[in-house]
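Dropping a structure here in structure tokens format, bear with me for questions.
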Protein chains: 2
Amino acid sequence: MTHFRPSMSLIATRLGVSVASVSNALAGKGRVSPELAGRIREVAAEVGYVPRMAGRALRTGRSQVLGLVLPDIANPLFPQIAQAIESAAAAAGYGILIADSRNDVATQTQVIGRLLERGVDGVAIVLRRGTRVADIGIPVAVIDSPSTPGNTVSADHWQGGQLVMEHLLSLGHRKILIVGNNPASNVQNDRIGGMRSCLGAEVHSEVIWVEKIEAAHGKGCALGLADYARRGFTACATVSDLTALRALTEVLGAGIAVPEAMSVTGFDDLVWSAVVRPSLTTLQMDMATIATVAVEALVAAIGTDSGPRGPVRPLPGRPDRVPMRLIARQSTARPDAANAQPAHPVPARTGPNQNDSNGGFPT
Amino acid sequence: MTHFRPSMSLIATRLGVSVASVSNALAGKGRVSPELAGRIREVAAEVGYVPRMAGRALRTGRSQVLGLVLPDIANPLFPQIAQAIESAAAAAGYGILIADSRNDVATQTQVIGRLLERGVDGVAIVLRRGTRVADIGIPVAVIDSPSTPGNTVSADHWQGGQLVMEHLLSLGHRKILIVGNNPASNVQNDRIGGMRSCLGAEVHSEVIWVEKIEAAHGKGCALGLADYARRGFTACATVSDLTALRALTEVLGAGIAVPEAMSVTGFDDLVWSAVVRPSLTTLQMDMATIATVAVEALVAAIGTDSGPRGPVRPLPGRPDRVPMRLIARQSTARPDAANAQPAHPVPARTGPNQNDSNGGFPT
DNA sequence: AAATCGAGATTAAACGTTTAATCAACTTTT
DNA sequence: AAAAGTTGATTAAACGTTTAATCTCGATTT
């Protein structure tokens, strides 16, 4: 039972009119009498007409498809981005073609080429670190960090850093460890920069980088956080939930109570943040807004025939950096000298976590 | 500087030949002399010709694009699937259009409709729990669980359950807690079924379900694992890394040493499994193979004009369930009575984790 | 009554590609 | 030497849509 897909001409012959009238009626353009338009819509619904994008694309030169190129699909941040972009694009009538640049500059240009062959009207790209996006003849929205040249829109990582640091300071922390991952990342440097911009003379802080420690002691080695705890550090502000998780488990395993003896914060509100125990205080990007700004900018550039064919700017009135939001959960609290090295309380069946917006992910 | 994209006719007029010859030469079909073909390819490269898919799609009725519909893009398992499918599809010359069904049956059919409008040649679908895929007139590859009717290919979750249980038994565990999440999931039931199929009379096991506990005590509540530890359970086999992570942090927070006093296992080898401390013993799906089987089956069905327009079967010789692989890391060990309730050792800067294949995810 | 206008429809071309059908010029077979 | 076959190329149609240009009436203006 082979599905026959009706075309405009089917509707046209059924009604004894021209395909042009059908096209005009369905598109609401041109001149077609209300009654005829009505009959056409009727028959269209009746036969289950659905426009063939291929024909439209060929004629108009627009595919109604955007490319989404990511440095590494396996990055745990990807789902958020993809979901937000897909949603924003769908709302604007666009589909999303994905491409994985596998953290490689060569493949990045190669996959962009494949997207172009497929005729995407524009591409949203999360930059591989240190890459510059070449001129590819169609609008490009870059999502990385405000300090990246050519960036279209991104989260305000600096402000996020400030937010988390203010949170820790207001809780009374005065010796704070900042844990970065890779010093070459614009995003991470922004976040740490924001954190440090809040520090007064009364607070002591140190910055350590995971990749440097790993270079010395091997991948997956301990970060030596117990030492910092002994030296009086009461908070550990990391630059990503993944690092926070690593820190959290290391600290817990060393018998240091979280958050009583050591507060831990992350970044990005990844899936597990709400699930671990204690649940993780972290910062959430407003991906919906970021994606909307990016997609709006793209479709605007696509719409204007002489718009920018290359990096694109947010529409007037739209931000190029969108504020992050602090999600305070269980892993941060006032530093409690009494509990500094506590016996281990048996966790009771406590109430629900704060801000638990995780949907209990099934497999 | 507006990018002009040359078409076949440009090449044709340049050489004073017909477009048909250009098409034939570039496609390697039809009859065209070797020298002319050579000159055509030469000019094509010279002007930077890249075929316009829209034209081809219109003529052939094939878009060279597959749809990938996921129940929830935000699921942490998605990156693996998307990456594998994208990769397999790209190798077969197909692009991937993504769609998010938001865990809703209505939206699922709706997004599938949008994919059809876009003219996808086939779709790979990760089923929303309990859904049946309707007849949509194009080949469909279903990726869920061997026990799902209509399933095309998936991991062998049952065998995975056996693998992890054999691992625990061979380490000497005899009181084992099995932690499921949602009893309605085919996947989870397969995994637990596999686990229990290995149990002899000499081993005691209990099964608990997170969602049931949460229904009683609220979201994010403790699972009461410390009690099980006190009752002599030495291993906790979960049905997903997310649950394992929850268990791990709860156990660590209760001052129970992992793996000395309690071994913990997960499923799926999600990103954080290698990062937490102790790193998580888990089971890895062979996504590359799964994706390859699915894509191969799809393109085969697309290729044959009278192939199945609906759920598709693996090609002859290809498996419909692909074995899982045990990734043994630090979170499992022999149950050690001496260390059952140990003092907390300060974690030294130990060497690298086993099987650490995590790429240090940046943000 | 002729010219103008406008609404409502049609014609026809165009987008870029593939492919069946055709044709012209040789080469081989009878 | 005519018939048949082969090779290398061209013609032309087709896919489904959009859109500029055109056409036909009937109504309004001169």
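Note that the coordinates shown come from a computational prediction; the quantities given were computed from them, not determined experimentally.
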Which residues pass the salt bridge (Lys or Arg N to Asp or Glu O under 4.0 Å) test with Arg318(A), sequence neighbours left out?
-> Glu296(A)

Minimum-distance pair of heavy atoms, taken over all atoms of Val32(B) and Ala25(B) | CG1-CA, 3.9 Å

Considering only heavy atoms, which members of residues 28-47 of chain A lie under 4.0 Å from some atom of DNA chain D?
-> Lys29(A)

Compare every heavy atom of Pro71(B) with every heavy atom of Leu127(B), then report the nearest pair and how far apart it is.
-> O-CG, 4.1 Å

How large an angle, rounded to 10°, do the end axes of the helix from dA1(C)-dT30(D) to dT30(C)-dA1(D) enclose when each is built from five base pairs?
-> 60°

Look up atom CG in Leu15(B) and atom CG in Leu10(B), then write down how far apart they are to the nearest 0.5 Å.
-> 10.0 Å

Pairs involving residues 45-62 of chain A, ordered by first then second residue, that meet side-chain hydrogen bond (donor to acceptor under 3.5 Å, both in side chains) (sequence neighbours left out) | none

Do Ile138(A) and Val120(A) come within less than 4.5 Å of each other through their side chains, counting heavy atoms only?
-> yes

Is the shortest heavy-atom distance from the side chain of Leu115(A) to the side chain of Leu97(A) under 4.5 Å?
-> yes

Asn75(A) vs Leu70(A) side-chain heavy atoms within contact, under 4.5 Å | no

Quick test: give all pairs of protein nitrogen or oxygen and nucleotides 26-28 of chain D nitrogen or oxygen below 3.5 Å, distance rounded to 0.1 Å.
none

Closest non-hydrogen atoms of Ala57(B) and Ser63(B), given as atom of the first, atom of the second and distance, are CB-CA, 4.1 Å

Footprint ends on DNA chain C, 5' to 3', for atoms under 4.0 angstrom from a heavy atom of chain A, come out as dA7(C) to dG16(C)

Who pairs with Asn151(A) by side chain to side chain contact (heavy atoms under 4.5 Å, CB included), at least two apart in sequence or on another chain?
-> Val142(A), Asp144(A), Thr148(A), Ser154(A)

Residue pairs meeting side-chain hydrogen bond (donor to acceptor under 3.5 Å, both in side chains), one or both in residues 22-34 of chain A, sequence neighbours left out, come to Ser33(A)-Glu35(A)

When you measure from every atom of DNA chain D, which of residues 15-23 of chain A have a heavy atom less than 4.0 Å away?
-> Ala20(A), Ser23(A)

Counting N and O atoms only, with roles assigned by atom type, does the side chain of Thr152(B) sit under 3.5 Å from a partner on the main chain of Arg313(B), one being a donor and the other an acceptor?
-> no

Can you name the residues that form a ring-ring contact (aromatic ring centres under 6.0 Å, His included) with Phe78(B), not counting sequence neighbours?
-> Phe78(A)

Using the salt bridge (Lys or Arg N to Asp or Glu O under 4.0 Å) rule, collect all pairs that involve residues 96-122 of chain A, keeping only residues at least two apart or in two chains.
-> none

Output all residues satisfying side chain to side chain contact (heavy atoms under 4.5 Å, CB included) with Ala84(A), sequence neighbours left out; order by chain, then residue number.
-> Met287(A), Ala291(A)

